[in-house]
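Step one of this worksheet: look at the structure below.
For clarity, every value in this text was computed on a predicted model and none was experimentally measured. Numbering of ligands and ligand atoms starts at 1, following listing order. Atom set for the values below is all heavy atoms of this structure, side chains included, hydrogens, waters and symmetry mates excluded.
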Amino acid sequence: MSDRLRWGILGTGFISGAMTSDLLLTGHTVTAVGSRSQEAADAFAAEHGIATAHPSYQALVADPDVDVIYVGTPHPFHAENATLALEAGKHVLIEKAFTINEREAAAVVELATARGLVVLEAMWTRWMPHMVRIRELIAAGALGEVRALLVDHDQKLPTNPEHRLQNPQLGGGALLDLGIYPISFAWDLFGAPSSVYALSSPTPTGVDGNDAIILGYPGGEKAVIHTVLDAAGPNAAVIVGTEARIEIEPVWYTPTAFSLIAPDGTVFERFVQDVPGRGMQFQAAELERLVAAGQLAGTVLPPAQSVQIMGTLDEIRRQIGLRYPGE
Ligand SMILES: NC(=O)c1ccc[n+]([C@@H]2O[C@H](COP(=O)([O-])OP(=O)(O)OC[C@H]3O[C@@H](n4cnc5c(N)ncnc54)[C@H](OP(=O)(O)O)[C@@H]3O)[C@@H](O)[C@H]2O)c1
């Protein structure tokens with residue numbers, strides 16, 4: 001095995017293409033792709049210049065020239081696909097939402113731990129340079145006492161009832177696709193919520209079309225979250241502290257700029273970044289770092305926290321009455 005891990009891409013949809021482009025752009029090694037069809041695997045391999053195109057996910061995970069599998073399928077298949085990869089002895093980077101629910105997430109992490117393999121949730125925002133700097137500023141006390149996170153993830157996405165985002169069979173809805181970003185951000189800032197309140201409206205297909213969520217914490221902090229599937233919002237975020245606030249510019253969960261602003265409006269610091277590609281490479285670097293260091297969990301997003309975040313999503317779904325087929 002070379003120094004760098006050899007990636008295998010499972011699934012040939014939108015996000016697999018974006019991830020593969022970022023991996024290749026930033027010097028990672030992608031040796032294979034696997035699809036439910038040979039045609040799709042061949043087309044993906046040709047587009048990205050990948051050596052091997054497998055006609056099944058089973059064949060991909062069995063490939064001896066693959067060390068780590070990137071799971072880019074809809075969320076209801078994440079646990080099954082990750083289990084397949086782990087049982088074949090591969091490390092796994094799983095797209096968000098990590099799984100459909102906490103029970104599935106816990107089983108995946110338990111298997112990875114038992115096998116001594118890395119499993120990481122592809123919550124790409126966590127490892128972006130602006131988020132690294134924001135964590136530093138908060139830890140250094142630059143905001144004083146943090147009181148609140150105000151954040152939205154509002155997108156105008158296809159409303160075709162067959163689309164993945166509208167389809168209960170494919171884990172559709174705003175929460176697991178979009179709302180998970182601000183919820184994960186709140187977890188990053190404040191840890192486990194002690195109170196969860198959610199209000200939602202369904203789409204005609206029966207998934208959640210929009211959600212307003214408030215998370216409360218033992219120290220009195222609040223996260224105020226909105227997410228919607230069929231309307232474009234600012235997609236900005238503000239962290240409010242007693243000595244300063246951080247305003248993250250749109251789109252807050254992608255590589256972007258932010259300002260550290262005093263109560264009187266003075267800008268203490270403006271952080272800008274120039275990131276190659278879409279910004280999905282940082283999570284890949286984290287997975288490779290963990291493997292090289294012989295660690296199963298990092299500090300930024302340990303798999304145990306991914307399980308707990310699924311628990312928060314479960315509680316929100318319980319409150320809004322959203323169950324997926326088979327649950
Ligand atoms: N990080 C991000 O910015 C981001 C953005 C968008 C989506 N995502 C996440 O990525 C995952 C996939 O989203 P996407 O937008 O890439 O979806 P997509 O374009 O529909 O692609 C999903 C792929 O999964 C595979 N698949 C396996 N079983 C399937 C089934 N029953 N129905 C449909 N596809 C199936 C297919 O690949 P084959 O035909 O090759 O098997 C398909 O191309 C979701 O969990 C989503 O939350 C993340």
Side-chain angles (χ1 to χ4, degrees), residues 8-23 32-48 50 52-61 69-82 84-85 92-101 104-105 108 120-128 153 155 157-158 160 162-185 207-208 227 229 235 251-256 275 277-284 286 301 306 309-310 313 324-326:
I9 308 298
L10 190 151
T12 58
F14 163 74
I15 203 61
S16 290
M19 180 67 186
T20 303
S21 296
D22 276 357
L23 284 170
V33 57
S35 170
R36 295 166 302 163
S37 83
Q38 184 71 64
E39 295 71 26
D42 286 343
F44 192 94
E47 182 183 349
H48 295 281
I50 298 172
T52 308
H54 294 288
S56 71
Y57 300 157
Q58 287 80 1
L60 173 71
V61 303
I69 299 289
Y70 168 75
V71 174
T73 55
H75 353 295
F77 312 112
H78 289 180
E80 176 188 326
N81 300 155
L84 192 71
V92 195
L93 179 64
I94 308 177
E95 258 312 325
K96 41 54 61 176
F98 193 58
T99 55
I100 277 287
N101 56 37
E104 284 188 357
V108 168
L120 189 66
E121 178 187 357
M123 179 41 76
W124 53 317
T125 312
R126 287 275 180 119
W127 295 276
M128 284 175 198
H153 190 167
Q155 287 198 52
L157 295 165
N160 162 14
E162 303 307 316
H163 193 276
R164 174 178 76 75
L165 286 155
Q166 298 287 331
N167 187 343
Q169 301 285 347
L170 296 180
L175 183 67
L176 265 62
D177 229 277
L178 311 180
I180 187 170
Y181 282 91
I183 288 164
S184 184
F185 190 17
V207 297
D208 59 312
T227 186
L229 275 179
N235 297 307
V251 171
W252 69 266
Y253 56 86
T254 68
T256 187
V275 162
R278 191 169 184 260
M280 301 185 74
Q281 60 273 25
F282 301 106
Q283 57 190 355
E286 169 69 353
L301 181 53
S306 294
I309 290 170
M310 290 314 305
L313 298 177
Y324 287 111

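By the criterion of a heavy-atom distance under 4.0 Å, the side chain of Tyr181, and not its backbone, is placed next to ligand 1. Proximity of Asp177 to ligand 1, defined as any heavy-atom pair under 4.0 Å, is confined to the side chain (atoms from C-beta onward).
For the pair Leu165 and Leu229, the tightest heavy-atom approach, listed with the atom from each and the gap, is O-CD1, 3.7 Å. Nearest approach of His48 to Gly17, heavy atoms of both residues: CE1-O, 3.5 Å.
Between Gln58 and Leu84 there is a side-chain heavy-atom pair separated by less than 4.5 Å. Pro182 places none of its side-chain heavy atoms less than 4.5 Å from the side chain of Tyr253. Within the 4.5 Å cutoff, side-chain heavy atoms of Tyr57 are placed close to those of Thr73. The shortest distance between side-chain heavy atoms of His153 and Asn235 falls below 4.5 Å. At a threshold of 4.5 Å between non-hydrogen side-chain atoms, the residues Val275 and Gln281 count as touching. Contact check for Leu170 versus His75: no side-chain heavy atoms found under the 4.5 Å cut-off. Residues Ile100 and Leu176 meet the side-chain proximity criterion, which asks for heavy atoms closer than 4.5 Å.
For the ligand labelled ligand 1, residue Ser37 lies outside the 4.0 Å heavy-atom shell. Heavy atoms of Met19 come nearer than 4.0 angstrom to ligand 1 in no pair at all. Within the 4.0 Å heavy-atom cutoff, Phe44 does not count among the residues contacting ligand 1. Ligand 1 does not have Gln169 within reach: every non-hydrogen atom of the residue lies 4.0 Å or more from it. Within the 4.0 Å heavy-atom shell around ligand 1 one does not find Tyr253.
For atom 16 (O) of ligand 1, the nearest protein heavy atom (residue, atom name, distance) is Ile15 N, 2.8 Å. Shortest contact from atom 21 (O) of ligand 1 to any protein heavy atom: Gly13 CA, 3.2 Å. The protein heavy-atom contact nearest to atom 26 (N) of ligand 1 is Tyr57 OH, 3.5 Å. With hydrogens left out, the protein atom closest to atom 20 (O) of ligand 1 is Arg164 CD, 3.9 Å, a heavy atom. What sits closest to atom 37 (O) of ligand 1 on the protein, heavy atoms only, is Thr12 N, 3.2 Å. Remark: minimum distance from atom 45 (O) of ligand 1 to any protein heavy atom is reached at His75 ND1, 2.9 Å. Residue, atom and distance of the protein heavy atom nearest to atom 32 (N) of ligand 1 are Leu170 CD2, 3.7 Å. If you check which protein heavy atom lies closest to atom 28 (N) of ligand 1, you get Arg36 NH1, 3.4 Å.
By the 30° and 60° cut-offs, the orientation of the rings of Trp124 relative to Tyr181 is perpendicular.
Side-chain atoms of Glu80 and His78 form no donor-acceptor pair, as typed in the model, at a separation below 3.5 Å. A donor-acceptor pair shorter than 3.5 Å can be found between the side chains of Glu95 and Tyr70.
Short contacts between ligand 1 and His78, defined as distances under 4.0 Å to a heavy atom of the residue, involve ligand atoms 45 (O). Atoms of ligand 1 found under 4.0 Å from any heavy atom of Trp124 (numbered from 1 in listed order, with element): 1 (N), 2 (C), 3 (O). Close contacts of ligand 1 with Phe77, meaning ligand atoms under 4.0 Å from a residue heavy atom, involve 28 (N), 29 (C), 30 (C), 31 (N). Listed by number with element, the atoms of ligand 1 under 4.0 angstrom from any heavy atom of Gly11 are 37 (O), 40 (O). Ligand-side atoms of ligand 1 in range of Ser35: 38 (P), 39 (O), 40 (O), 41 (O), range being under 4.0 angstrom from any heavy atom.
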Listed pairs under 3.5 Å, donor-acceptor, residues 35-46 side chains, sequence neighbours left out:
from	atom 1	to	atom 2	distance (Å)
Ser35	OG	Ser37	N	3.0
Ser35	OG	Ser37	O	3.2
Ser37	OG	Ala40	N	3.0
Gln38	NE2	Asp42	OD1	2.9
Gln38	NE2	Ala53	O	3.1

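Comparing Arg278, Lys96, Glu95 against atom 46 (C) of ligand 1, the shortest heavy-atom distance belongs to Lys96.
Looking at ligand 1, you won't find any N or O of Met280 less than 3.5 Å from one of its N or O atoms. Some N or O of Phe14 is nearer than 3.5 Å to an N or O of ligand 1, by distance alone.
A search for side-chain contact (heavy atoms from CB on, under 4.5 Å) contacts involving Ser184 returns Met123, Arg126, Ile309, not counting sequence neighbours.
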